[in-house]
Amino acid sequence: MNGQRRANTRRVRVGGREIELTNLEKVLFQEPGITKGELIGYYGRIAPVMLPLIKGRPLTLHRFPGGAGEAGFYQKKAAGYFPEWVNRVSIDLRMGRAEKRMVQITCENKATLIYLANLACIPHVWLSRTDRINYPDRMIFDLDPPDSGFEAVRYGALIMREILMEAGIEPFVMTTGSRGLHVVVPLDRETDFGETREFAAAIAGMIAGLAPDYFTVEIAKQKRAGRLFIDTYRNSFAQTAVAPYAVRALAGAPVAAPVGWDEVKDKRQKLTPRKYTIRNILERLRQRGDPWEEMDRKSFSVRSAAARLRSFSRT
DNA sequence: GACCTCT
DNA sequence: AGAGGTCAACGCGCG
DNA sequence: CGCGCG
Ligand SMILES: [Mn+2]
Ligand SMILES: [Mn+2]
């Protein structure tokens, strides 16, 4: 026999690429007892829906080698030991005054997704793609409740949608798998991060102005005073948001799950931020389809939305 | 989690 | 073969 | 500039 075949280890071939999977029996999520093997299996099955949503986006890996409940750390730079077939992209950071070049990765195929799953990481993605890296194709409103209360999040998302519709935008929505929702807008990549963030902040400010007892745009925890924080800072260069269909490092292995607006609106559907997990999201997709199917056929202009909003508030 | 060095 | 140490981010806005 | 924050 050449090489050791540890019981817990397996070599697989995915799209012609060889991957060594390790510690497959290791329990990464207590409670239901979800192993790394099951986690990897999930990413393999979700790949067809997930890959189109993350391709071309530099990744930040939020790694949890000890599983949910243990300490994690972030990794942005491509490690030398990553397989050569993992796509690398060189990125120039303007760190304050200094400048720095960093090599990061993107996930272009199923093999990479499986490889990353074996690293026990949560993929977070940029809001722009490498072929036009300074111009986001996503605008994200991150609704962060102060506690586990979800009602304010639901209302916040619905109000957000109303205002965006007035501005000519049809937003999409997903649970984060943690405590809130992301309201997501596909953009035409004609507006840079700064201007996009400014527009997002203006929208968020309108909502905080309408219901200041419930919503705030203050990032400082002391100033939030129990209110839901509408976080628009994700809309910045080299910043990330949890990838759709990523598995969070939380009990039960909840996933960031694109959902339909009907689910947010209709209380009887009992949407919660952790409703969908590694164990039920595929069934949801089979039964109800992909709620974001239309996303890549749409794109909105921050500039015309801003113009529409201005003329609307003048009247 | 992966890699390296030391025993 | 196994133990043990080491490494793994960054932008924004405020005071 | 350092710090809180995600
Ligand atoms: Mn959030
Ligand atoms: Mn946030």
Side-chain angles (χ1 to χ4, degrees), chain A residues 3-10 19-28 35-37 39-40 58-68 70-84 86 91-105 114-128 133-134 136 140-146 176-182 192-201 204-205 216-224 227-243 246 248-249 256 273:
Chain A
Q4 295 293 316
R5 181 172 225 86
R6 281 159 289 169
N8 233 359
T9 296
R10 193 162 35 130
I19 311 168
E20 172 139 321
L21 305 176
T22 58
N23 295 317
L24 293 169
E25 302 297 312
K26 179 171 181 176
V27 175
L28 293 182
T35 63
K36 202 164 84 167
L39 178 73
I40 291 168
L59 296 178
T60 293
L61 313 179
H62 196 183
R63 298 184 54 182
F64 291 85
E70 296 299 311
F73 59 90
Y74 288 93
Q75 177 168 15
K76 311 186 91 152
K77 290 200 261 302
Y81 56 79
F82 287 178
E84 83 286 344
V86 171
I91 291 161
D92 293 308
L93 301 178
R94 340 73 144 146
M95 300 194 57
R97 187 151 301 159
E99 237 180 60
K100 184 172 161 183
R101 173 161 291 187
M102 182 170 46
V103 178
Q104 289 193 223
I105 62 169
I114 300 284
Y115 177 78
L116 294 175
N118 186 65
L119 291 183
C121 71
I122 302 170
H124 291 247
V125 292
W126 281 40
L127 280 62
S128 63
I133 204 151
N134 292 309
I140 296 180
F141 299 89
D142 173 15
L143 277 48
D144 289 336
T176 63
S178 179
R179 291 164 70 181
L181 293 174
H182 284 181
D192 67 15
F193 278 104
E195 198 176 333
T196 301
R197 186 171 65 250
E198 243 177 69
F199 174 77
T216 179
V217 294
E218 295 284 356
I219 194 168
K221 285 190 168 172
Q222 220 196 81
K223 293 192 179 178
R224 291 191 211 167
R227 295 172 293 176
L228 184 154
F229 171 42
I230 306 173
D231 180 359
T232 53
Y233 296 116
R234 309 333 304 157
N235 302 288
S236 305
F237 183 81
Q239 296 306 294
T240 60
V242 67
R248 310 309 300 268

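Heavy-atom basis, side chains included; hydrogens, waters and symmetry copies ignored. Residue numbers start from 1 in every chain, and the chains themselves are labelled A, B, ... in the order their sequence lines are given, proteins ahead of strands.
If you take CZ of A/Arg248 and P of D/dG6, they are 13 Å apart, rounded to a whole angstrom. In this structure, the CZ atom of A/Arg63 is 11 Å from the C1' atom of B/dC3, given to the nearest Å. In this structure, the NE2 atom of A/His62 is 19 Å from the P atom of C/dC7, given to the nearest Å. The distance between atom CG of A/Asp142 and atom P of C/dC12, rounded to the nearest whole Å, is 16 Å. Taking atom NE2 on A/His124 and atom C1' on C/dG11, their separation rounds to 16 Å, with Å as the unit. Counting to the nearest Å, the P atom of C/dC12 and the CG atom of A/Leu93 are 11 Å from each other. Between the CZ atom of A/Arg101 and the P atom of C/dC10 there is a distance of 15 Å, given to the nearest Å. Atom pair A/Phe193:CZ and C/dC10:P shows a separation of 16 Å (rounding to whole Å applied).
Taking atom C1' in both C/dA9 and D/dC5, one finds a spacing of 13 Å when rounded to whole Å. One C1' atom belongs to C/dC7, the other to D/dG6, and the distance between them is 23 Å to the nearest Å. Distance noted for atom C1' between C/dG11 and B/dG1: 27 Å (whole Å). As rounded to the nearest Å, C/dC10 and B/dA2 have P atoms that lie 22 Å from one another.
Taking the six-membered ring where tryptophan is involved, the planes of A/His124 and A/Tyr74 are perpendicular, since the angle between them exceeds 60° and thus also 30°.
Ring centroid separation for the pair A/Phe64 and A/Phe73 does not come in under the 6.0 Å cut-off.
With distances taken from any side-chain atom of A/Gln239 to the nucleotides C/dG11, C/dA9, B/dG1, the minimum falls on C/dG11. The side chain of A/Lys100 sits closest to C/dC10 out of C/dA9, C/dC10, C/dC12. In this structure, of C/dG15, B/dG1, C/dA8, it is C/dA8 that holds the atom nearest to the side chain of A/Gln75. Among the nucleotides B/dG1, D/dG6, C/dC10, the one closest to any side-chain atom of A/Arg234 is D/dG6. The side chain of A/Tyr74 approaches C/dA9 more closely than any other nucleotide in the set C/dA9, B/dG1, C/dC12. In this structure, the nucleotide among B/dG1, C/dG11, D/dG6 sitting nearest to the side chain of A/Ser236 is C/dG11.
A/Asp192 contributes a side-chain N or O that, together with a main-chain N or O of A/Glu195, makes up a donor-acceptor pair within less than 3.5 Å.
Under 4.0 angstrom from either OP1 or OP2 of C/dC10 there lies no side-chain N or O belonging to A/Thr240. Contact annotation: A/Asn118 does not reach the phosphate of B/dG1 (side-chain N/O to OP1 or OP2, under 4.0 Å).
Under 3.5 Å, the side chains of A/Lys36 and A/Asn118 contain a donor-acceptor pair of N or O atoms. For the residue pair A/Thr216 / A/Arg224, no side-chain donor-acceptor distance below 3.5 Å is found, with atom types taken as modelled.
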Do A/Trp126 and A/Ile133 pass the side chain to side chain contact (heavy atoms under 4.5 Å, CB included) test, and can you show the C-alpha distance, the side-chain angles, and the key distance before you say yes or no?
-> CA-CA 9 Å; A/Trp126 281 40; A/Ile133 204 151; 3.5 Å; yes
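Within 4.0 Å of A/Phe73, counting heavy atoms only, lies at least one base atom of the nucleic acid. Heavy atoms of A/Leu61 sit nowhere under 4.0 angstrom from any nucleic acid atom.
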Provide a list of protein-nucleic acid N or O atom pairs under 3.5 angstrom, restricted to nucleotides 2-5 of chain D.
{"residue": "D/dC5", "atom": "O3'", "partner": "A/Arg224", "partner atom": "NH2", "Å": "3.0"}

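At a threshold of 4.5 Å between non-hydrogen side-chain atoms, the residues A/Thr232 and A/Asp142 do not count as touching.
Under a cutoff of 6.0 Å and an axis angle of 45°, A/Arg234 and A/Phe141 do not form a cation-pi pair.
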